[in-house]
Amino acid sequence: MAQLAQIIVDVPTMQTNQPYTYQVPPRLENQIQKGMRVIVPFGNGKRQVQGFVVGLDQPTKYDGQLKAISALMDLQPVINDELLKLSKWLADHTYAFWVSSIYTMLPNMLKAKTTRIVRIIDEVDEQTAFDIFHGKDELDFATVQSDPQIVSRLLKLQKQKKVRFEYVVADKAKPKTTVGIRPQLDFEELEEARTSLHSNAHAQERLLSYLQSIIGKTVKQTDAERVSGLKAATFNVGVQKGWLAKVPVEVYRTPHTQEKLPNDEHLSKPLELNDEQQVAVNKIDQAIDDSQSKVFLLEGVTGSGKTEVYLQSIARALKNHKTALMLVPEISLTTQIVNRVRRRFGSKVAVLHSGLSNGERFDEWRRIERGEAKVVVGARSAIFAPLKDLGIIILDEEHESSYKQDESPRYHAREIAKWRGKSNSAPVVLGSATPSLESRARAMKGVYQLLLLKHRINKRPLPPIQVVDMRPEIKERGESNFSRELLAKLTDRLVRNEQSMLLLNRRGFSSFMMCRDCGEVLKCPNCDISLTLHLDSHTMKCHYCGHEEPIPRYCPNCGSREIRYYGTGTEKVEQELNRLIPNARIIRMDVDTTRRKGMHEKLLRQFGQHQADILLGTQMIAKGLDFPNVTLVGVLNADTGLGLPDFRSSERTFDLLSQVSGRAGRADKKGEVIIQTYNPDHYAIRLAQKNNYEAFFKQEMALRRQASYPPYYFTIRIMASHEDESVAARTMTKIKQELVENLMPSTIILGPTPRAIARMKRRYYYQIVIKYKQDQRLHSTLQRILQETQSKGRADVQVSIDPDPQYFM
DNA sequence: CGCCAGATTACG
DNA sequence: GTAATCTGGCGA
């Protein structure tokens with residue numbers, strides 16, 4: 001009885017989203033393992049695809065003819081049992097394909113590239129041979145795929161059996177190698193060679209004694225040259241005489257962050273903890289020692305020393321011969337935090353972030369996978385790092401929405417962290433100055449354990465925050481992004497040779513209406529959510545319930561004509577600033593100026609070296625940056641975020657403002673913060689000004705409860721898109737009907753409504769939002785809806801489900 | 001009747 | 001995702 005293997009093939013569709021059974025040919029029987037990549041035939045033709053072994057020798061109900069695995073792509077599994085199990089769980093919970101889940105856990109290089117080649121197997125007419133094949137007997141199909149005429153000619157030739165389609169599955173995963181030196185003789189033989197040398201062959205003699213010192217080992221030639229002080233030519237003589245061989249040795253593509261760190265005694269050793277930190281560390285250490293998969297919420301204001309708590313907990317895990325995983329938002333993955341971890345734990349640290357090339361990422365991944373790296377610091381996807389025996393998982397800035405992936409599989413790193421914590425019996429630490437309402441609510445219920453750091457380490461008070469009301473400003477001075485207050489302070493800093501940071505809140509770019517006299521934002525009468533301007537239909541629409549009304553000319557609150565849609569760009573602000581303060585040197589940071597790799601770091605370095613007086617940027621400058629010479633932080637438009645049709649808009653505004661105020665006056669100089677707004681009385685702004693998270697939490701929770709939003713309800717978003725708007729709309733109406741028929745009455749179904757950007761990439765988008773507390777049949781109903789809408793190639797409607805959307809736009 | 005394009009189905 | 005198969009419409 002031949003051995004069987006269950007394979008997930010790399011064909012991401014609903015209908016192939018299940019293991020297929022293959023025979024294992026005898027030659028592969030003692031090599032194959034779960035978690036390896038394989039090449040298998042799939043389909044009627046000669047098609048070959050990559051797949052993953054997800055099971056061996058499981059019984060199959062399939063009684064057709066089984067095909068055999070063509071080849072193994074790996075000598076070792078690329079995905080271990082824990083992650084394989086997680087990939088299945090992830091696929092189920094995010095309504096994603098299993099194979100897509102597996103790929104998100106692996107470096108890109110492990111995704112094989114399949115190429116299709118068209119080969120001539122019989123005489124074809126000269127015209128074709130010349131036009132299409134250019135005189136050769138084969139052709140890469142990808143180069144002609146977009147030309148329907150050529151494609152149909154090729155298909156015709158295929159029917160006549162004059163050409164054949166062939167598949168090549170090419171592994172991209174290639175370790176980088178360099179030249180290595182390996183002795184080919186044993187000690188005595190080398191000694192013998194030495195005695196028979198010419199007496200003035202000093203270099204060769206030195207080479208022989210060097211080789212004697214590395215018997216049985218392979219050394220990189222560059223290292224060998226350095227250690228022995230010999231030249232490359234001498235090694236070549238050694239090869240000719242058969243003393244040594246040159247063999248390839250694998251080297252890691254070390255990311256540029258690996259440069260030598262200044263040796264800072266102070267930072268490489270654990271710092272002394274204050275009482276609150278000590279309590280937190282003790283509690284976490286206890287959980288590490290007892291292998292408890294508890295979740296801690298470490299809530300601490302800016303500068304309260306959360307990072308030191310993380311570092312000492314990591315040290316504890318390492319001491320217990322475990323590993324540690326620390327996630328930080330991509331944007332703050334700049335040198336500061338990473339360097340601190342590397343100073344403390346040295347070469348045990350691997351870093352994973354989006355700035356790595358595929359090769360570098362692959363190599364860091366292999367260092368982790370081989371157990372050479374024990375501590376991993378990285379952004380969202382690092383949560384899948386193949387560390388074994390995790391002792392602790394840390395999510396810094398746990399409230400950050402970048403921990404949620406907004407494409408399939410739509411996972412939240414926080415949920416994955418909890419899964420892996422359970423699976424490894426390891427504690428999870430969620431850290432933040434402004435925890436997400438979800439996490440904080442769980443801490444209040446005792447699901448998480450709350451650890452509070454109330455005091456700043458340096459005992460320095462947070463900088464004073466001044467809120468400037470922009471409404472009278474605009475009335476008296478006309479359109480401007482700068483209040484007199486802010487201008488005066490900026491000029492003052494220039495005189496004192498200190499630096500300033502200006503933040504332009506880009507979220508909610510120009511799509512909502514606000515009154516410049518009273519700050520009123522046009523809201524939906526049913527949902528209490530801002531209406532979105534749709535220029536195509538010249539109406540204001542609610543994304544949640546579909547309510548629609550004409551664009552107002554007068555403010556419905558105060559009757560003013562000064563009602564406008566709102567929004568501005570960094571470039572425009574920079575121009576205005578140049579005009580207002582001509583001698584200020586400005587660095588602008590936004591998507592445009594930081595698109596090129598390394599520009600982000602470069603601009604920050606320049607600012608750090610005081611090559612500019614003002615750093616002007618979007619959200620990206622708000623996080624984790626410490627510039628001792630910055631004494632003024634200005635937020636140009638605190639309330640744009642508030643206009644968004646999103647129940648989390650207040651929370652995000654509060655987070656952002658809190659974050660920003662921590663940026664001023666970090667060192668000895670006193671800092672201050674100015675917040676410009678049209679809504680000076682909004683609770684998110686008022687409470688951020690007072691640094692009062694507690695009050696914000698209470699007030700926001702009350703609103704969420706009243707409107708049935710998280711954390712009181714869970715949300716799910718269903719999206720459907722089609723080239724034809726009516727098809728998308730009709731599909732959604734049908735889905736809605738099915739939901740109403742199957743879900744519990746307590747479950748709230750909103751929509752379908754067109755999305756804010758109703759048409760994207762020539763497709764129309766509609767969405768339904770579901771709010772529920774618990775609903776037994778929800779998961780199976782959604783699963784069935786996906787099956788029905790995707791299986792029957794239903795006229796190209798694309799339906800996707802987000803189990804925990806962070807944005808509703 | 002045969003051919004073609006578009007829809008449908010199956011992939012182990 | 002791809003390719004073979006099915007279906008129905010239309011021209012010969």
Side-chain angles (χ1 to χ4, degrees), chain A residues 1-25 28-29 32 34 36-72 91 96-103 111-119 121 139-170 407-409 722-724 727 731 786-800:
Chain A
M1 184 63 182
Q3 196 182 10
L4 303 180
Q6 278 66 48
I7 310 291
I8 285 290
V9 291
D10 182 10
V11 180
T13 67
M14 209 67 225
Q15 303 148 79
T16 51
N17 192 27
Q18 48 163 342
Y20 285 78
T21 306
Y22 285 85
Q23 287 184 339
V24 180
L28 301 178
E29 264 179 21
I32 193 164
K34 213 161 120 184
M36 284 180 172
R37 294 175 302 155
V38 292
I39 297 172
V40 291
F42 191 74
N44 295 322
K46 291 213 170 351
R47 192 172 173 205
Q48 297 275 324
V49 297
Q50 175 172 282
F52 291 87
V53 182
V54 298
L56 288 170
D57 284 322
Q58 287 163 17
T60 172
K61 276 185 199 139
Y62 182 75
D63 59 355
Q65 184 62 45
L66 295 178
K67 288 182 181 170
I69 292 172
S70 310
L72 293 179
F97 305 123
W98 194 354
V99 68
S100 314
S101 299
I102 294 174
Y103 278 128
K111 187 171 169 76
K113 210 181 140 201
T114 46
T115 42
R116 271 191 288 177
I117 287 172
V118 192
R119 183 179 300 282
I121 51 172
L139 165 85
D140 183 350
F141 186 67
T143 59
V144 296
Q145 203 162 18
S146 55
D147 187 333
Q149 280 194 343
I150 296 183
V151 171
S152 75
R153 263 165 87 184
L154 288 173
L155 288 174
K156 217 171 261 172
L157 287 168
Q158 188 196 18
K159 261 181 203 157
Q160 296 163 16
K161 300 236 188 307
K162 293 197 168 176
V163 303
R164 184 171 66 199
F165 282 73
E166 290 175 3
Y167 295 83
V168 183
V169 181
E407 56 193 52
S408 176
H722 194 270
E723 283 177 21
D724 182 346
V727 176
T731 309
L786 272 186
Q787 291 276 349
E788 282 165 9
T789 49
Q790 289 188 29
S791 66
K792 289 177 189 147
R794 281 293 310 130
D796 207 23
V797 198
Q798 281 172 22
V799 177
S800 68

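To find a chain, count down the sequence lines: A is the first, B the second, and so on, and within it residues start at 1.
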* By salt bridge (charged side-chain N to carboxylate O under 4.0 Å, His left out), which residues pair with A:R119, not counting sequence neighbours? ->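 Per chain and number, A:R119 pairs via salt bridge (charged side-chain N to carboxylate O under 4.0 Å, His left out) with A:E138, A:E166.
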* To do: Enumerate the residue pairs fulfilling salt bridge (Lys or Arg N to Asp or Glu O under 4.0 Å) with a member in residues 39-54 of chain A, sequence neighbours excluded, ordered by first and then second residue.
  =>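 Applying salt bridge (Lys or Arg N to Asp or Glu O under 4.0 Å) to every pair that reaches into residues 39-54 of chain A, excluding sequence neighbours, yields nothing.
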Spacing of [X] atom [atom1] relative to [N] atom [atom2], expressed in whole Å:
{"X": "A:Q50", "N": "B:dC11", "atom1": "CD", "atom2": "P", "answer": "22 Å"}
{"X": "A:Y22", "N": "B:dG12", "atom1": "OH", "atom2": "C1'", "answer": "6 Å"}
{"X": "A:Y20", "N": "B:dA10", "atom1": "OH", "atom2": "P", "answer": "11 Å"}
{"X": "A:M14", "N": "B:dT9", "atom1": "CE", "atom2": "P", "answer": "17 Å"}
{"X": "A:Q18", "N": "B:dG12", "atom1": "CD", "atom2": "P", "answer": "11 Å"}

* Asked: Could you give the distance from CD (A:Q6) to CG (A:D57), rounded to the nearest 0.5 Å?
  ->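 Nearest 0.5 Å value for the CD-CG distance: 7.5 Å.
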In chain order, what residues pass the side chain to side chain donor-acceptor pair (under 3.5 Å) check against [X], with sequence neighbours excluded?
{"X": "A:Y103", "result": "A:D10, A:Q50"}
{"X": "A:T13", "result": "A:T16"}
{"X": "A:S70", "result": "A:Q48"}

Run the side chain to side chain contact (heavy atoms under 4.5 Å, CB included) test against [X] and tell me which residues pass, sequence neighbours left out.
{"X": "A:K113", "answer": "A:T115"}
{"X": "A:T114", "answer": "A:V169"}
{"X": "A:Q798", "answer": "A:S721, A:R763"}
{"X": "A:N44", "answer": "none"}

* Listed in order of residue number, which residues of residues 55-67 of chain A have a non-hydrogen atom at under 4.0 Å from DNA chain B? ->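 Listed by number, they are A:T60, A:Y62, A:Q65, A:L66, A:K67.
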* **Most 5' of A:R47 and A:N44 on DNA chain C, judged by nearest nucleotide** =>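 The 5'-side residue here is A:R47.
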* To do: At the 4.0 Å heavy-atom cut-off to chain A, mark where contacts on DNA chain C begin and end, going 5' to 3'.
  =>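 So the contact region on DNA chain C extends C:dG1 to C:dA4.
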* Touch class at under 4.0 angstrom, heavy-atom based, for A:F42 against every strand present ->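 Base, at least one base atom sits under 4.0 Å.
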* To do: Can you see which heavy atom on A:V38 is nearest to which on A:F52, and at what distance?
  =>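 Taking A:V38 first and A:F52 second, the nearest heavy atoms are CG2-N, 4.5 Å.
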Please list, pair by pair, any protein nitrogen or oxygen found under 3.5 Å from a nitrogen or oxygen in nucleotides 4-6 of chain B.
none

